[in-house]
Amino acid sequence: MALTSSQSALALEEQSFIDRTITAYTGKPGALLGILERVQEHHPHKYLAPEVLEYVADQMDLPLAQIFSVATFYALFNLEPQGDHTVCICRGTACHTRGSRNLLQRLRLELGLPEESEDGADKLCITTADGKYSLRTVACFGQCALAPVVEVDHAIFGHMNEQTLHREIEHLDGRKA
Amino acid sequence: MTRILDIGSFSTVRESGMAKLLPARPRVGVGMGTCGTGNGAEGVYHAFAEAIHNEGRDVKLASVGCFGFCAQEPLVNVRLPGRPLVILRRVQTSDVNPILDDIARGTLPEDLALCKIEEWDHLTAHVLYGTGFPKIPNWTEVPFFKPQKKIVLRNCGIISPDDIEEYIAVGGYQSLYKVLIDANPEMVVEQIKAAKLRGRGGAGFLTGLKWEFLRKAVADRKYIICNADEGDPGAYMNRNEIESDPHALLEGMIIGGYVMGATDGIIYVRAEYPLAVHRLTRAIDQARQSGILGENIMGRGFRFDIQLVEGAGAFVCGEETALIASLEGFAGRPRPRPPFPAQKGLYGMPTNINNVETWYNIAPIVAKGPAWFSETGSTKSAGTKVFSLVGKVTKTGLVEMPLGTPLKTFIYDVGEGGADGKPVKSVQTGGPSGGCIPQEMFETPVDYETLAQLGSIMGSGGMVVMDEDNCMVDVARYFIEFTHSESCGKCIPCRVGLDTSLRILNSFTRGKANEEDLERLDEMGRMIRDTSLCGLGQTAPNPLLTTMRHFRHEFEDHIRAKRCRAGVCEELALSPCENSCPLHMNIPRFLQLYKEDRIEEAFEAVVLDNPLPASTGRVCQHPCDNRCRRRSVDSAVNMRDVHRFIADAIYQSERFDALAARIAARKLEATGRKVGIVGAGPTGLAAAFYLALLGHEVTVYDPNPEPGGMLRYAIPDYRLPKDVVRREIELIRRLGVNFLCGVSVGTDLTLNDLDNQYNAVFLAIGTWKEAWVYLPGTELKGVMPALPFLEGVAKEQPAALGRQVVVIGGGNAAIDSARTALRMGSEVTVIYRREKKDMPAIREETDSAAEEGVKFVFLATPHRIVGDEAGNVKAIEVVKTKLGEFDSSGRRRPVPTGEIRRIQCDTVILAVGEAVDQDFVRAAGLRIKENGTLEVDRYTLETTRSKFYAGGDLISGASNVSNAMGYGKKAARTINQRLMGSGRWDRLAVQFAYSQVAPAEPSGSSRHHVEELPAAERAESFAEAVVGLAPEEAWEEAARCLRCDIKDHH
């Protein structure tokens, strides 16, 4: 039973984008992944709101539980709005060997984020309260010769240390101001 | 784009591609893989484009993939018509115009050239690039490339990945064409089987067999999938393969599709590889347009298409059933097998999944046949594998080696040993499913089975090299944290087991673990391995189990000594400097106290941590320097010279008596226990100091007239004045330590006597036996070992020295002998068998020696000493050496060449090493280890004879003053523990109140260096050569400390 455009909480433009995306991917393997990726990318805050998940479930005639399962299982999908800037620290082995954990700790401190996760795990994606920055980790960028690697807004930086990282953040701050 | 329908159109395209690859004008190919781009290759490309356009240069510009030598990016290959392909390295935008100018002149900048390629076997074709440039080495001569064999990487870095015509020019899609023309799919399967190609994703299943399964399966629709979800951290070869040569993947899959009877191919690639996705999309497009994908491929009536699907950041999707679930629109949770994908795969249909690299091997096998393929590799595993050599190794990059190559070839021949010249401790292979292999096992060949026997796996081919700065407990923790985060959560052993293991490992890194935890980890690891549903869980414990197996002492150190020697687990150390100091001096404390102008308290703090601060302040090899965090700002804090300053300030003032009394007043109440110490060198002195403070009655025996050991009788005056040593020993005397000099234990009294008189005995006799060199001519007059020579000088009974002295060796004893001989008026030459950077002597000493006029001959080893008729030395002959293979110290072993050189001299001082007096040890009934040192318990320093402890060079081999003192301090603690139980040691801890606020900004001043007297002046006298810091300098230096010991952030 498809939601009518009046029943969904989404704007018409968004609904239409989702419809088109679904059509483009229908029948292809990996369709759901592709659809959710495109829809997330389309949103200015790069995330999947609950209404979006509901709409997709409905249009694809799939249980919401399945959509939710996929959205929560894969690290790429954000269920919270992302910050204006995303800083992604690589936690791959080569980067770890060359000190990426310290970079992560340093950034947490600098951005005023909690120092440690409860279970001691480093995999994370958190956004600052003011919505300016999202800090996340990636298992490995595959750039091991440039360790340690940090991605700032889709630009890859190699051989990072605390100073160069600090400079990049200041740069972003400056840009905003 | 020409559609390829027959031989004719094929040739047309090939010619067109050849014209692009080998144009009649110069061609510049900028390496534009993700690595290259990360190193600035994009800027280089644009600079070339602009210059070529603006200046109207007749140069063809292309973007190529990556040649694999990541450490030398950006790489640019240049070909002048008729000349070889030359690869330029580390090209910057500023090099662009000079390069273009050179090209215009018909030449190339040879200083930027890494190597050249005159002809290249693309396996599917042979291309002659050209001859010339005799001075540029061939690519096979570069150590990084020499042992490699490029099968998978046959086109990478040479052709443009964006142009199908270049791929076809080098023989691409010929194999596909052949397969379609032959129309004999069974034969192809037989070929793949005969080639013994095994899956390159990690499991190593025979590819031919897997293909046969799918071929035989009957269904309406069959799928073949390429697993490009390269999730192993540290592995990026698949990324490089796809970015640099996407068509090779497509060709392999199309052949596979035809042979197995599938019409649908899917490439599942990680979202983290945007460039790979982009290049692949483009390649698929071009293939379709050329009629190589889609309907009626190459006019042979075969229909096949490939679709690209991007992953979404789940490592577990690298497991084939999880990947399939992901494609079907579910969370990527593995499913039990059987049924295998070949029976029931995607959408329940028969499916074949192969790793990227497996597909790359298909076209060459078809082109050259299985016999050719199985010539490379080992008996069970044919072919090559691409490995990513990364971490603490000098040369990093992607390396393609025949299977069965030993690990040491990777690390030492290709990688050129540990980064910064440090010895390699271990290598981690196979990503999170693999394990750590210690340096002692580097002879192991790299193959599926051989690594599995060591508890690791070859896996995706990741090789992360580690050195002494990596803590293996932290490594285990890192991997468990990784697999725990990526666990799909479906089965309990993995989900709960890894979580529990992580919590236990966290307690290790915080110093809160105990012996039982080791047992629990072991049990947990095995349970998870044996009962998990899928490969992720089954292999997740490998890093943990291998590190516990091969590096158990590191785990034990974290529990029993609460120490992380690598300095990684921060909670186990006060600060990096304190952790690296053999005496674990609380360095930030004395720096802060001095900064607060409380010099007397600073002195107390220093002496209570280090009873010989003025001596060590002059001769310590300062490991703290290497760990100081201030290095990341400018340079390390000069801590050694600050504690020298503080010590000198008190020792050389009238405050000495008061301060000595203050220290003595800290003695705990008398215990009535007696401890005998054999040897009054730094080890014995340190032990005596602490044992006396703890209230024990201490007697120290030494055969020499005065205490001090090497401080007094080996290290020369200009480095360490006798007065300084005497003063420091005086303070120790004032604690009530009784020195019995001129008494030789073993001769004047026996160990049994000591056993009767004392509650505990500490042996600290050092290594005073000079190792002998077996050379013709050592019996001549004028040949002497270093230590007795230095001892003679110290006792003011110097041996007669000639005018031309040769010293053999590279350690501190050699340099001390050299600089001493120089001051006695001789000309001195030091001969060392390796290079300057390999010398164990303290760098400042070697530099000072050179400034004073000591001559050095490197890469030479003594051959024989020549005498005259009277039996005196008249010359020495040395053999030139060259450096061969790496040994376990992380340095290259010197190998003699045939070349002999004669050096005139009349004295030869041998300083090739010091050893333990084995007679003494044997007579004492104590056990000696294979390397000649005394065996003791690692934690208590107790020997095999009860009541007898040992420390210093006697157990470590010839080392240095601070290490020796570290043992003395430790022995005092364990002996006290044995005699009095625990708790007493902690009562010695000093409590000073000082600022606990870290500086908001690093202080502005740069590092202060101590001043040396001018070389000419100091070379003439034994007066102290190095003037210490002035008070203001010491103060500024203390203020440079960043206070890493303050851990609470407010």
Side-chain angles (χ1 to χ4, degrees), chain A residues 28-37 40 60 62 66-77 88 90-99 101-102 105 109 115 119-124 136-147 149 151 154-159 161-163, chain B residues 34-35 37-39 70-71 73 223 230-236 238-239 264 266 268 270-273 307 309-315 326-333 346-347 388 390-392 396-397 428 431 462 464 466 470 478-479 481-482 484-486 488 499 502-503 506 632-633 1049:
Chain A
K28 299 194 173 156
L32 184 55
L33 285 183
I35 290 165
L36 290 178
E37 274 161 28
Q40 174 173 280
M60 293 182 75
L62 289 173
Q66 184 178 340
I67 310 294
F68 195 71
S69 163
V70 170
T72 50
F73 185 83
Y74 297 91
L76 205 73
F77 298 129
C88 186
C90 181
R91 290 291 297 136
T93 321
C95 290
H96 175 77
T97 308
R98 291 217 182 216
R101 193 152 195 248
N102 282 340
Q105 303 301 70
L109 217 62
E115 245 179 82
D119 59 355
D122 286 337
K123 180 176 184 178
L124 52 69
R136 59 193 310 151
T137 58
V138 74
C140 176
F141 273 121
Q143 300 270 32
C144 315
L146 298 177
V149 175
E151 188 193 46
H154 301 301
I156 299 258
F157 294 88
H159 305 299
N161 58 44
E162 290 190 25
Q163 245 142 302
Chain B
T34 319
C35 277
T37 320
N39 266 314
C70 308
E73 291 278 8
Y223 293 97
E230 184 178 55
D232 274 3
Y236 58 105
N238 290 168
R239 169 176 72 67
D264 295 272
I266 300 165
Y268 187 97
R270 309 176 71 200
E272 290 85 341
Y273 287 169
Q307 203 196 308
V309 173
E310 277 182 64
F315 172 76
S326 179
L327 286 173
E328 291 172 354
F330 295 102
R333 297 206 163 87
L346 184 61
Y347 304 129
S388 57
V390 294
K392 302 292 194 63
T396 55
Q428 203 278 337
V464 184
M466 300 175 180
N470 296 105
Y478 164 84
F479 281 113
E481 194 261 317
F482 178 86
H484 161 63
S485 298
E486 296 293 335
C488 82
D499 182 68
L502 179 61
R503 285 173 200 276
N506 279 337
S632 61
V633 178
H1049 309 284

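The structure presented is a predicted model; accordingly, all values stated were derived computationally and were not measured. Just so we're on the same page: letters track the sequence lines, and every chain starts at 1.
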task = Quick one: do A/Leu32 and B/Phe330 satisfy side chain to side chain contact (heavy atoms under 4.5 Å, CB included)? Show the steps, please.
result = CA-CA 8 Å; A/Leu32 184 55; B/Phe330 295 102; over 6 Å; no
note = Among B/Gly313, B/Pro233, B/Gly462, the residue with the most heavy-atom pairs under 4.5 Å to chain A is B/Pro233
task = Side chain from CB out, backbone as N, CA, C, O: work out which of these in B/Gln307 comes under 4.5 Å of a heavy atom of chain A, or both, or neither.
result = side chain
task = Could you tell me the separation between the CZ atom of B/Arg333 and the OG atom of A/Ser69, rounded to the nearest 0.5 Å?
result = 5.0 Å
key: From B/Ser326 atom OG to A/Phe73 atom CZ, the distance as rounded to the nearest 0.5 Å   = 8.0 Å
note = Value for CE (B/Met466) from OG1 (A/Thr97), rounded to nearest 0.5 Å, stands at 4.5 Å
request  = Please state whether the side chain, the backbone, both or neither of B/Ala271 comes within less than 4.5 Å of a heavy atom of chain A.
outcome  = side chain
Residue pair A/Glu37 / B/Ala312: nearest heavy atoms and the distance that separates them = OE2-CB, 3.8 Å
request  = Flag the one option from A/Gly142, A/Ala75, A/Gly34 with the top tally of heavy-atom pairs under 4.5 Å to chain B.
outcome  = A/Gly142
message = Is it the case that atom CZ in A/Phe68 sees more than 12 heavy atoms from other parts of the structure closer than 6.0 Å?
response = no
ask   = Would you say the side-chain atoms of A/Tyr74 pair up with the backbone N or O of B/Gly332, donor to acceptor, closer than 3.5 Å?
value = yes
query = Could you give the distance from CZ (A/Arg101) to CD (B/Glu481), rounded to the nearest 0.5 Å?
reply = 7.0 Å
inquiry  = Please classify the contact of A/His154 with chain B as side chain, backbone, both or neither, using a heavy-atom distance under 4.5 Å.
reply    = neither
ask   = For the candidates B/Gly391, B/Cys70, B/Gly397, which exhibits the highest count of non-hydrogen atom pairs separated by less than 4.5 Å from chain A?
value = B/Gly391
task = Could you check which of A/Gly99, A/Pro29, A/Ala94, A/Ala71 has the highest count of heavy-atom pairs closer than 4.5 Å to chain B?
result = A/Pro29
query = Looking at B/Phe482 and A/Ala139, what are the two nearest heavy atoms and their distance?
reply = CE1-CB, 3.2 Å
task = Please flag which part of B/Asn238 lies under 4.5 Å from any non-hydrogen atom of chain A: side chain, backbone, both or neither.
result = neither
message = If you count heavy-atom pairs within less than 4.5 Å of chain A, which of B/Glu73, B/Gln428, B/Lys392 leads?
response = B/Lys392
message = I'd like to know if the side chain of B/Tyr236 reaches the main chain of A/Phe141, judged simply by a donor and an acceptor atom lying under 3.5 Å from each other, with no hydrogens or angles considered.
response = no
query = Which distance, rounded to the nearest 0.5 Å, do you find between the CD of A/Gln143 and the CG of B/Asn39?
reply = 9.0 Å
task = Please determine, among B/Ala314, B/Gly431, B/Gly329, the option with the most heavy-atom pairs under 4.5 Å with chain A.
result = B/Gly329
Exercise: identify the closest heavy-atom pair between B/Gly234 and A/Cys140 = N-SG, 3.5 Å
request  = Search all heavy atoms of A/Cys144 against all heavy atoms of B/Val390 and return the closest pair with its distance.
outcome  = CB-CG1, 3.6 Å
note = In this structure, CD of B/Glu272 is separated from CD1 of A/Ile156 (nearest 0.5 Å) by 10.0 Å
